[in-house]
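So that the names make sense, note that chain A is the first sequence line, chain B the second, and so on, each numbered from 1.
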There are 2 protein chains.
Amino acid sequence: MLSLLGLQKMKNKKIPEITISRLSLYNRFLQDLQEKGVDFITSAELGKRMGLKASQVRKDLTYFGRFGSPRIGYEVKQLLETLKGILGLHKKWPVALVGCGNLGKAFLSYPGFKAHGFEISVVFDNDPAKIGKVWKGKKIFDPAKMAKIIKEKGIKIAIIAVPFFAAQEVCDKLVRSEVKAILNFAPCKLFVTKEEEVKVRNIDIA
Amino acid sequence: MLSLLGLQKMKNKKIPEITISRLSLYNRFLQDLQEKGVDFITSAELGKRMGLKASQVRKDLTYFGRFGSPRIGYEVKQLLETLKGILGLHKKWPVALVGCGNLGKAFLSYPGFKAHGFEISVVFDNDPAKIGKVWKGKKIFDPAKMAKIIKEKGIKIAIIAVPFFAAQEVCDKLVRSEVKAILNFAPCKLFVTKEEEVKVRNIDIA
DNA sequence: TAGATTGTTAATCGATTAACAATC
DNA sequence: TAGATTGTTAATCGATTAACAATC
């Protein structure tokens with residue numbers, strides 16, 4: 001998510017995209033280690049489990065600071081907290097979900113979602129039969145009110161889960177709603193004029 | 001998909017993973033060009049549209065053969081057919097879908113799926129209320145019969161769309177069913193002993 | 001102290017890009 | 001022929017890995 005939302009520099013060194021993408025991998029592994037009650041881990045051990053070289057683990061981490069101790073390695077708890085901080089996992093990210101068909105409902109039911117700090121805080125669907133109804137505790141709103149509601153709630157991330165023929169229109173609406181990131185699950189590519197301001201990730205579930 | 005299923009070499013030169021992943025991009029763009037009635041395109045033009053350097057386009061393509069003509073560029077139709085061949089898009093890939101909850105149903109409704117040459121040819125769900133029922137024209141089968149049915153039909157690709165606590169068991173069953181590729185949409189990492197034979201892609205919809 | 005592991009520098013590897021002879 | 005674009009080679013760039021002094 002963070003790779004979608006920014007964080008390209010730190011200590012004015014440029015952080016390689018690929019390092020950023022590995023960060024959530026580290027996070028997942030450390031989570032696992034913590035659950036198993038492991039207190040410390042060396043770069044060699046961490047690398048072995050993740051299929052990376054020890055030196056790469058160390059290199060990746062040093063982009064963000066110095067977290068290890070010679071002879072001891074890294075304190076799992078501390079490193080995990082640091083990574084979560086960097087990844088913005090301490091934050092709650094309110095998300096707007098557009099489309100409440102099968103795919104949209106899958107998101108509402110998806111447990112991994114909340115675990116990543118995302119919280120679907122508003123749902124839109126243009127089916128008059130659905131508007132006003134509640135699904136999984138979320139009220140479904142009229143897309144006509146999209147810009148107003150999204151701005152009010154300060155939502156910066158949206159998920160498009162509508163049929164492909166409706167996706168571009170929804171996208172335009174979201175751009176006008178001033179979101180910063182759009183995850184498009186409709187099977188089509190979306191075009192955005194303000195690419196600098198709004199990051200679109202087209203996700204093909206195939 | 002093909003990148004999941006193999007194709008690492010050609011003319012005994014090793015093809016970079018990243019080139020393979022760009023192949024479907026080229027395919028999509030050429031499709032688009034063909035629909036617009038464009039007959040020929042140069043590497044420069046293609047690169048510009050896709051955000052790649054002309055030399056990279058040419059380099060990528062030469063891994064697979066020589067398709068262009070000096071002064072003219074590439075014939076869209078011919079190149080498209082060639083790419084489709086390489087990507088295996090002429091083939092129909094029968095797919096087993098395990099789990100017919102919200103996410104599973106999303107797959108059954110997903111139009112982009114068929115366009116990629118995938119065809120969900122069998123669906124499993126362990127809910128007795130669902131077994132034997134038909135959804136979107138697909139009969140839902142008892143997972144107990146998984147290995148038998150999958151082998152009979154010669155299915156090589158499976159999608160896991162079950163809750164996370166059931167995913168590893170399903171995965172083990174699929175491995176015993178001798179599939180070659182598993183796409184896991186459950187929010188957990190799956191482990192496979194025979195990694196060489198079965199490729200698992202863990203897809204986090206978050 | 002002796003030894004293990006860190007952070008960091010330098011060497012290596014692989015992918016991207018520029019350059020250009022060959023081609024039509 | 002003159003000129004544009006290919007396929008391919010060589011130079012460049014950036015990421016991975018090895019090596020090692022610094023550290024505890």
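Along DNA chain D, the nucleotide closest to B:A44 and the one closest to A:S69 are compared, and the more 5′ of them pairs with B:A44. The 5' end of DNA chain C is approached more closely, in terms of each residue's nearest nucleotide, by A:R71 than by the other of A:R71 and A:F67.
Computed from coordinates, the A:I72 CD1 to D:dA22 C1' distance equals 15 Å when rounded to whole Å. Rounding to whole angstrom units, CG of residue A:L79 and C1' of C:dG7 are separated by 14 Å. B:E45 places its CD atom 16 Å from the C1' atom of D:dT6, with the value rounded to the nearest Å. Distance, B:E75 CD to C:dC24 P: 16 Å, rounded to whole Å. Residue A:E17 contributes atom CD, which lies 16 Å from atom C1' of C:dA15 at whole-angstrom precision. B:F64 has its CZ atom 14 Å from the P atom of D:dG7, to the nearest Å. Atom-to-atom, CD1 of B:I15 to P of C:dA15 comes out at 12 Å; the value is rounded to the nearest Å. Atom CZ in B:R66 sits roughly 19 Å away from atom P in D:dT5 (whole-Å rounding).
Side-chain atoms of B:D60 and B:Q56 form no donor-acceptor pair, as typed in the model, at a separation below 3.5 Å.
With A:Q34 contributing its side chain and A:V76 its backbone, the two residues share no donor-acceptor pair below 3.5 Å. A donor-acceptor pair under 3.5 Å links the side-chain atoms of A:W93 to the main chain of A:G88, judged by distance alone.
Proximity of B:R22 to the phosphate of C:dT16: a side-chain N or O atom is located under 4.0 Å from OP1 or OP2. Contact annotation: B:Y63 does not reach the phosphate of C:dA15 (side-chain N/O to OP1 or OP2, under 4.0 Å). Checking the phosphate oxygens (OP1, OP2) of D:dT6, a side-chain nitrogen or oxygen of B:S43 falls inside 4.0 Å.
Note on ring orientation: taking the six-membered ring where Trp is involved, the planes of A:F185 and A:F107 are perpendicular (angle over 60°, cut-offs 30° and 60°).
For the atom pair B:F64 CZ and B:L87 CG, the distance stands at 8.0 Å (nearest 0.5 Å).
A salt bridge does not link A:K77 to A:E81: none of the charged nitrogens lies less than 4.0 Å from a carboxylate oxygen. With salt bridges taken as basic N to acidic carboxylate O contacts below 4.0 Å, one links B:E119 and B:K138. A salt bridge links B:K36 to B:D32: one of the charged nitrogens lies within less than 4.0 Å of a carboxylate oxygen.
Looking at heavy atoms from C-beta onward, B:R58 lies in side-chain contact with B:Y74 at the 4.5 angstrom threshold. Taking the side chain as every heavy atom from C-beta outward, A:F141 and A:C100 never approach each other to under 4.5 Å.
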Sub-3.5 Å pairs of nitrogen or oxygen atoms, protein against nucleotides 17-20 of chain C:
{"residue": "C:dA18", "atom": "N7", "partner": "B:S55", "partner atom": "OG", "Å": "3.4"}
{"residue": "C:dA19", "atom": "N6", "partner": "B:R58", "partner atom": "NH2", "Å": "3.2"}

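For DNA chain D, the stems formed by at least three consecutive Watson-Crick or G-U pairs, with both atom-pair distances below 3.5 Å, span C:3-24 with D:3-24.
With C:dT16, D:dT16, C:dT5 as the choices, the nucleotide that has an atom nearest any side-chain atom of A:I18 turns out to be D:dT16. The nucleotide whose nearest atom lies closest to any side-chain atom of A:P70 is, among D:dT16, C:dT6, D:dT6, C:dT6.
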